[in-house]
Amino acid sequence: MAVLEVEGLKKNYGQLQALKGISFKVDQGEIFGLIGPNGAGKTTTLRIIATLLTPSAGRVTFLGFDLKKNPEKFREKISYLPEEAGAYRNMRGQDYLEFMAKFYASNQEEIKEYVSRGQQISDLGVRLKDKVGTYSKGMTRKLLLGRALMTKPALAILDEPTSGLDVINSLEVRETIKSFVKEGISVLLSSHNMLEVEFLSDRVALIDRGQILDAGTPQELKEKYQAPNLEIVFKSSVRSGL
Amino acid sequence: MKNFGHLLVKEIKELVNKQLIISLAMMILIFSFIGNVTKKEIKKAVAKQKIAVLDLDQSELSRNLIGTLNMANFIIEEQGGEKEEVIQKLRQSDLGLLVVVPPGFSQEVANFKPVEVETYSYLRGISISGTRTSEVVKTLLNTTNDFLSNQYLKKRLPDINPAEIKSPIKNREFIIVKDRMAEGSSAAVIGTLYTQSYLLPIILMMIIMYSSQMVITAIAMEKQNKTLETLLTVPISRQAIAMAKMLAAGLIGLLSAAIYLYGFQMAFSFPTDELSSVTGGLAPILKQLGLTIDTQGYVLFGLSLFLAILCALSIATVLGVLAEDYRTAQSLNIPLVFLILVPYFISLFADINTMSLPAKILVLAIPFSHPFFAMQNMMFGHMGMFWLGLVYNFIFVTVMLIWTARIFATDRVLTMKLKWGKKKVVL
């Protein structure tokens, strides 16, 4: 069952056509990856679904709700991790999780539950008692991932989730995302690291210059383009002019 | 509503940071220090002061003059010897004034010839007490002159009142405000009104400046710290986000202004008994002229101020959206500060009603101008101007709030930027 459906999505910035009518679906409990180079339209797509930008044309529905008519329903059930996100520097890590949890929780117990899950996912231990301003980039990213996943959203939108992380931290984050999906949550992620997307995603869409070139499971695409990995798949799909 | 309250608390906590607390505490300390020093100087000026007197005449009249000085709040330290020696000697002492009664003083007075009483002021710094001493002595000499001249006139013209010769023209002063009239000194009335209202423009300026700066900074910091995108995707309306920022800035601005005002009053308040003696006699005149503000007037003034603050906050919110970081926010705040300073200075040094029409329109087009002139308009019966200002600000605020809400509800909150290089606003 599809939780998210995107049909003919277009976005113009003045004369510039950032999205030229893209369509895809994300099923429940699925990790769907958008891969493409910088400027392909990945972040614009994610920002529209996260209700940050309004589409110029097309239709986005999430759990049956239309984005244009019910953006607040999207905000209740989705969680968005921007590529270059930060947290409030004067807050302690733990307070930041609590602050964000309060927007989604309906009672104190739920707040505690969310914060506890956020602590677990971020895996920052005692450093959660320190102010965010003292964190390294990697620690902030882990805190933000904890914030994005702690409320168990119906759809987590992760833009370059391992951006700025070292190898070890990147591996840990990928494992966290994988295990999280086992609980029935859907993930829409973007990355220009195609190997990362190949490892994480159940299905991927290749996006370039505001258009989806092809979509399918990593295995299907590799077979179709007779390529050893998604990087070669992407290169071949661009060459074939799809 | 729950989420709004939650966000408001966060916004207030973000604004009440260490820097703000330290700067406010420092301000209180500085004002308190200035206040203590000023009050000590005033006390010194009011207290009995020591002056030196060199009587080179040693007559009954000169002794009377010294006696009068003694009764007039001075402690007299009589000197003896040559004038030059005494002048030289006092340079080493802490005495601030020397009065020299010349030889032949009483003889010259008896012959109706002008006499010179010399005063030597020793300036050892600039202080209130230093200036006051010579002023009091001058007043005293004037009084003595008056007394002596009255005596001469009585001797020569015993049937005529000396005061009638010296001041043949009497003046009865009347003040008219619109359709009301009262007898009294216009200078005293204006002076009292000015004294009573000198703090008002300062408070207004501070509240508006603080609030606008805080809201610009709050939004710019969200952008600089990359927290705005996340905040915009949480389940709370965009309008509520903008309102929470404005309300928090307004509240902290109000608090900061109150603290500044408290400090300011501590430093520059006049002794209450002196002030009440000045205003007490004029109170019936002010009431008769309708130059007092009743409860309804204060409510209307509060409304005018509230609308002006909302104007400032809504403009500042849009400027905050244009700013990409803290530094840009500070630059964008400068034109707003100038707009606030224009009515501030005009309210202190000029009369809006006597300005040329284009200048008047320009000043009144600034929404912050109206509360600066609201009290004056109400007191002098320019209610048309007052209501016009209120309606203008209401329309201004409504348009700005709708615009702000629309900016926050659309992509513009993320895409609107001021491009300095190209000198244009990208919407």
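Residue numbers begin at 1 in each chain, while the letters A, B, ... track the order of the sequences.
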Would the number of heavy atoms belonging to other residues, nucleotides or ligands and lying under 6.0 Å from CD of B:Q330 be above 12? yes
So which residues of residues 15-53 of chain A are in contact with chain B at a heavy-atom cut-off of under 4.5 Å? A:R47, A:A50, A:T51, A:L52, A:L53
Please check if the number of heavy atoms outside A:E109 that lie under 6.0 Å from its CD is greater than 12. no
How many angstroms lie between atom OG1 of B:T230 and atom CE of A:M100, to the nearest 0.5 angstrom? 6.0 Å
Please check if the number of heavy atoms outside B:F301 that lie under 6.0 Å from its CZ is greater than 12. yes
Between B:H6 and A:F99, which heavy-atom pair has the shortest distance, and what is it? NE2-O, 2.6 Å
Any carboxylate oxygen within less than 4.0 angstrom of a Lys/Arg side-chain nitrogen, looking at B:K13 and A:D95? no
CZ (A:F103) and CG (B:L231) are apart, to the nearest 0.5 Å, by 6.0 Å
Please check if atom CZ in A:R174 has more than 12 non-hydrogen atoms from other residues, nucleotides or ligands closer than 6.0 Å. yes
A:A87 versus chain B, the contacting section by heavy-atom distance below 4.5 Å: backbone
Select one option (side chain, backbone, both, neither) describing which atoms of B:I236 are under 4.5 Å from chain A's heavy atoms. both
Quick one: does A:D159's side chain get under 4.5 Å of B:E229's, heavy atoms only? no
With sequence neighbours excluded, what pairs up with B:F368 under the ring-ring contact (aromatic ring centres under 6.0 Å, His included) test? none
Residues of residues 206-227 of chain B near chain A, each having a heavy atom less than 4.5 Å away: B:E222, B:N225, B:K226, B:T227
Please check if the number of heavy atoms outside A:R117 that lie under 6.0 Å from its CZ is greater than 12. yes
More than 12 heavy atoms of other residues, nucleotides or ligands under 6.0 Å from NZ of A:K129: yes or no? no
Using a heavy-atom distance cut-off of less than 4.5 Å, which residues of residues 55-84 of chain A contact chain B? A:R75, A:E76, A:Y80, A:P82, A:E84
When you look at CZ of B:F33, are more than 12 heavy atoms from neighbouring residues, nucleotides or ligands closer to it than 6.0 Å? no
